[in-house]
Amino acid sequence: MEAKDALGMPETIHKVAGVRVRFAPSPTGYLHVGGARTALFNWLFARHHGGVMILRIEDTDAERNKPELVQGIIDGLQWLGVDWDEGPFYQSQRTELYRAAAKKCLSNGSAFLCYCPADKYAGGDYAEPPAQDEEPKGGGPRRVTRCSCRDGKPSTQGAKPAIRFKVPVGGTTKFVDAVFGEREFSNDEIEDFVLLRSGKGDEEFGQSMYQLGVVVDDIDMRITHVIRGADHISNTPKQVLLYGALGTTPPFFAHVPLILGADKSRLSKRHGATDVNMYRAEGFLPEAFRNFLALLGWSAGGDEEFIRTKDLIGKFSLEGVSRTNAAFDRPKLEWFNTQYLQKLPIEDLLPEVEKELKGSGLWKPEWAARAAPGADGRDHAWFSKTVDLLRPRVRLLPDFSSWSRAFFSDEFTRDAAAKEKFWKDPKVPELLAKLADALQKLTEWNHDACDHTTRAVAEAGGVKAGLLINATRVAIVGQAVAPPLFDTMVVLGQQRVVRRLRDAVAGFGQA
RNA sequence: GGCGCUAUGGUGCAACGGUUAGCACGCGGCCCUUUCAAGGCCGAAAUACGGGUUCGAUUCCCGUUAGCGCUACCA
C-alpha cells in the first residue's frame, strides 16, 4: 500500500527521483521579485532532489514580447545564483509542436475551430468585456464562454479560425496540489479557451496560447513538478483537461502564494522596486536576497532565519510552503543584508567588495588574492583586514565606495557635517598637529601605540580623549561614522595617518 | 458580478486539539561605548468576527467580513 501524508497525497510527491522542474518567465517585463521567488523555489527543489532545472521563455505573444528583456531576466537569475541545466528554450521557436498538438485535439474531438472575430469580446458569447486590471473592478454580470462554434456549424467562409478547447459540459476536473491539497473545479466554470490563435496573412494558424504552450512543453520536457505562482490555480483545471486530451497524465502541481506589497495589496512599483535587478544595483548581496526571498512563503519549520544557501537547499521542501500571500518587507531584507555583511566568511564577502570597488574605480590589482603587494605595502591580506574592519557598519555594497572611500583611496573629501560636528572646538588644529608629531615619532605602529599616543596628546592638551579621537577620525577618513579609530589608524598606516593629519591642519589655515 | 484561494502582533514565520501562543524584522527603553553600527537585556504588540463540533479550540466545520487571484486570439 501507498504511504500518504497529511494531505492525503502520495508520499512520493515530496521525494521523487528524477525531478524535473522549470521556470517559465514571459519577456513582457523585467524579472519581478515574485517571479524570482518562484524561480528560487523551483531551483531549491531541483537542487534538493538532485533534479533538473529548466529555463523556458514563454514568448508566444508577439505583440507583447520584448526580446531584449530576456537578457535582463537572465541577468537577474544569474545574479540571484539560480542556474539551470537545460535551456533557455523559446516557445516562439517551437510553434510546430503546438500546432501539432492543437490539431491532435481537433482530430480527437476535444477541440474545435472557432470563427468568432478575433477582436476581443466581440463574439457575443461574452456579456461584456472582462474588467481590465484596473481599479473600477466588478461591473455587470459576466458568464463563462460556451462558444457557439463548438458544434461545428458557422464556418464563416474566408474567415480564419482559431482553435478552442471543447470543455466538457457538466462534471468536474480535479487535481492534487502539493501545497493546497486536492482541488476540484466545476467544468461549467471553465470557458472554451483558445489553444491556437487564428492565422494572419497566409498562415493557417497563429501562435500558441499560454495554456497549450505550457502543457505541450511540460509534457515534452518531462516536467515532474510544476511549481508556480498561485495565480495559476484557476488555470490548472484547463491544463489538466488538456493533459487528458493529449493522452497524458498531469505532473504534480505546487502553487506558491503570491508576494504582495507592504500594504498587502498587489505588489507594484508604488511599493518600491519590484525588479530584481534594482536590488542588485542597490548593492544587496545575492545570498542575503535569496535567504530573504526563500522565507517569503516558506519556512523550514523552526525558528532559524539566517540560512545559507546550501542549507536552504538541504531544508527545502514543498511541505514547508505556506498558503498565505506574503508582504514584501524591505526593512527585513535590509536586516538580512547587514547580517550577511557581518557573518559571511570573509572569503565569501571579498569578491563582492572587489566587484563594487571595480565598479567605482577604486580597485587596485595588488589587492587580489595572489598578487604582489603594491608600493605602499598593501596586499590581499591588507584588503581582507580592511574589509573586515569596515563591514560591521556597511549596509549596502556601495558603502564600500562611498563613506569608506578614504580606506581605499587617498583622494577623498571630508564631510562638511562631520567637520561641523567634531572640529568645532578651537583647540582642534593644534591638537591634530601635536598628534601628527607624536605619531610620526612612533617606531611601532599598532593599535595600542596609537591608543596611548592619542590619549597622551589629549591629556597634555587638557581635553577629553573623545574629543581628539573624533576630530582625528574626521581628519583621516573624512567621516563622522567610521570604524574604531585605532584600528583605522593601523589599517591606514603611519605615513598616511600623519600625512592626512597635517593636511587637515593645513586646511584650517586656509579656511 | 461569477468562480477560487487565504486569514496568528504592523511585517515574515512557529505552535499541525491541551503552550503563561514562540522566534525574527520593525518600534520604545536600558547596557556597552571613541563616532556610528553591531551586540546584550527589557518592553509594547496577535489567534478578523459570529456560530457550531469537542471535556477542551489558534488548530476541525459553516457563515460573515476583508485581502488576493482567475474570469483575453495576455502569460
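Within every chain, numbering begins at 1; the chains are lettered A, B, ... in the order of the sequence lines, protein sequences first and strands thereafter.
With B:A72, B:U35, B:A7 as the choices, the nucleotide that has an atom nearest any side-chain atom of A:Thr324 turns out to be B:A7. Nearest to the side-chain atoms of A:Leu296 among the listed nucleotides B:G12, B:A72, B:C36 stands B:G12. Nearest nucleotide to the side chain of A:Gln342, out of B:U11, B:C73, B:A38: B:A38. Of all nucleotides listed (B:C73, B:A37, B:A14), B:C73 comes nearest to the side chain of A:Arg164. Nearest to the side-chain atoms of A:Ile233 among the listed nucleotides B:A72, B:G4, B:C73 stands B:G4.
Rounded to whole Å, the distance from CD on A:Glu189 to C1' on B:G69 is 15 Å. Rounded to an integer number of Å, the gap from CE of A:Met209 to P of B:C74 is 4 Å. A:Glu334 places its CD atom 17 Å from the P atom of B:G12, with the value rounded to the nearest Å. The CG-C1' distance, from A:Leu258 to B:C5, rounds to 10 Å in whole Å. In this structure, the CG atom of A:Asp399 is 16 Å from the C1' atom of B:U35, given to the nearest Å. Atoms CD (A:Glu420) and C1' (B:U35) sit 15 Å apart, rounded to a whole Å. When the C1' atom of B:G2 is taken as reference, atom CG of A:Asn187 falls 16 Å away, rounded to whole Å. A:Arg56 has its CZ atom 12 Å from the P atom of B:A75, to the nearest Å.
Taking 4.0 Å as the cut-off between side-chain N and carboxylate O, A:Asp217 and A:Arg22 do not count as a salt-bridged pair. Ion pairing between a basic and an acidic side chain is recognised when a charged N comes within 4.0 Å of a carboxylate O; A:Asp61 and A:Arg64 show such pairing.
Nucleic acid contact class of A:Gly213 (heavy atoms, under 4.0 Å, all strands): none. Note on A:Ser265: only backbone sugar-phosphate atoms sit closer than 4.0 angstrom, heavy atoms only; bases stay farther off. In this structure, A:Ala326 reaches the sugar-phosphate backbone alone: every heavy-atom distance under 4.0 Å involves primed, P, OP1 or OP2 atoms, never a base. Using a 4.0 Å heavy-atom criterion, one finds that A:Gly297 contacts the sugar-phosphate atoms exclusively. If you check every strand for non-hydrogen atoms under 4.0 Å, A:Ala480 touches a base. A:Asn235 comes within contact range of at least one nucleobase, with a heavy-atom separation under 4.0 Å. Counting non-hydrogen atoms under 4.0 angstrom, A:His255 reaches nothing in the nucleic acid.
Stem analysis of RNA chain B (at least three stacked-register Watson-Crick or G-U pairs, each with both distances under 3.5 Å) gives B:1-7 with B:65-71, B:10-13 with B:22-25, B:27-31 with B:39-43, B:48-52 with B:60-64.
Nucleotides B:G26 and B:A38 place their P atoms 8 Å apart, quoted to the nearest Å. Atom C1' of B:U53 sits at a distance of 15 Å from the matching atom of B:G63, rounded to the whole Å. The gap from the C1' atom of B:U71 to that of B:U64 amounts to 24 Å, rounded to the nearest Å. Taking the C1' atoms as reference points, B:A24 lies 23 Å from B:U6, given to the whole Å. Nucleotides B:G22 and B:A44 place their P atoms 11 Å apart, quoted to the nearest Å. Nucleotides B:U58 and B:C16 are separated by 11 Å at their C1' atoms, to the nearest Å. Across the C1' atoms, B:C27 and B:A66 are found 26 Å apart, a figure rounded to whole Å. Between B:A21 and B:A46, the distance separating the two P atoms is 12 Å to the nearest Å.
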Which donor-acceptor pairs under 3.5 Å do the side chains of residues 233-242 of chain A make with protein atoms, sequence neighbours left out?
| unit_1 | atom_1 | unit_2 | atom_2 | d |
| --- | --- | --- | --- | --- |
| A:Asn235 | OD1 | A:Gln211 | NE2 | 3.0 |
| A:Asn235 | ND2 | A:His232 | ND1 | 3.1 |
| A:Thr236 | OG1 | A:Arg228 | NH1 | 3.2 |
| A:Thr236 | OG1 | A:His232 | O | 2.8 |
| A:Thr236 | OG1 | A:Ile233 | O | 3.3 |
| A:Thr236 | OG1 | A:His255 | NE2 | 3.2 |
| A:Lys238 | NZ | A:Glu191 | OE2 | 3.1 |
| A:Gln239 | OE1 | A:Arg228 | NH1 | 3.4 |
| A:Gln239 | OE1 | A:Arg228 | NH2 | 2.6 |
| A:Gln239 | NE2 | A:Gln211 | OE1 | 2.9 |

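Between A:Arg183 and B:G4 there is no side-chain N or O to OP1 or OP2 distance below 4.0 Å. Distances shown here put a side-chain N or O of A:Thr60 below 4.0 Å from the OP1 or OP2 atom of B:A75.
Annotation: side chain of A:Leu344 is not in contact with side chain of A:Glu352 (no heavy-atom distance under 4.5 Å).
Geometrically, A:Arg94 does not engage A:Tyr90 in a cation-pi contact, judged by NZ or CZ lying under 6.0 Å from the ring centre and within 45° of the ring axis.
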Short N/O separations, protein against nucleotides 40-49 of chain B, under 3.5 angstrom:
none

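Both A:Pro392 and A:Ser299 lie close to RNA chain B; mapped to their nearest nucleotides by heavy-atom distance, the more 5′-ward contact belongs to A:Ser299.
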Determine, step by step, whether A:Thr60 and A:Gln207 satisfy the side chain to side chain donor-acceptor pair (under 3.5 Å) criterion, reporting the C-alpha distance in whole Å, the side-chain angles of both residues, the deciding distance to 0.1 Å, and the verdict. CA-CA 6 Å; A:Thr60 52; A:Gln207 291 273 289; 5.6 Å; no
Just do the side-chain contact (heavy atoms from CB on, under 4.5 Å) check on A:Asp348 and A:Arg308 with the steps written out, would you? CA-CA 12 Å; A:Asp348 292 345; A:Arg308 296 206 60 185; 3.1 Å; yes
As a quick check of understanding, evaluate ring-ring contact (aromatic ring centres under 6.0 Å, His included) for A:Phe316 and A:Phe41, giving each step before the final call. CA-CA 8 Å; A:Phe316 189 81; A:Phe41 280 13; 5.2 Å; yes
Quick one, A:Phe407 with A:Leu389, criterion side-chain contact (heavy atoms from CB on, under 4.5 Å). Give me CA distance, side-chain angles, the key distance, then yes/no. CA-CA 10 Å; A:Phe407 287 80; A:Leu389 182 63; 4.3 Å; yes
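A:Phe292 pairs in a ring-ring contact (aromatic ring centres under 6.0 Å, His included) with only one of the listed residues (A:Tyr340, A:Phe328, A:Trp335), which is A:Phe328.
Side-chain atoms of A:Asp231 and base atoms of B:A75 include no donor and acceptor less than 3.5 Å apart. In this model, no side-chain donor or acceptor of A:Arg323 finds a partner on the base of B:C5 within 3.5 Å. Between the side chain of A:Ser234 and the base of B:C3, no donor-acceptor pair under 3.5 Å is found.
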Generate the contact string for nucleotides 20-34 of chain B. Rules: B means base contact, S means sugar-phosphate contact only, - means no protein heavy atom under 4.0 Å. --BSBS--------B
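Atom CD of A:Glu203 has more than 12 neighbouring heavy atoms from other residues, nucleotides or ligands inside a 6.0 Å radius. Environment of NZ in A:Lys166: crowded, with over 12 heavy atoms of neighbouring residues, nucleotides or ligands closer than 6.0 Å.
Residues that satisfy the side-chain contact (heavy atoms from CB on, under 4.5 Å) test with A:Asn325, not counting sequence neighbours, are A:Pro257, A:Leu258, A:Leu260.
For residues 22-33 of chain A, proximity to RNA chain B is found at A:Ser26, defined as any non-hydrogen atom under 4.0 angstrom from a strand atom.
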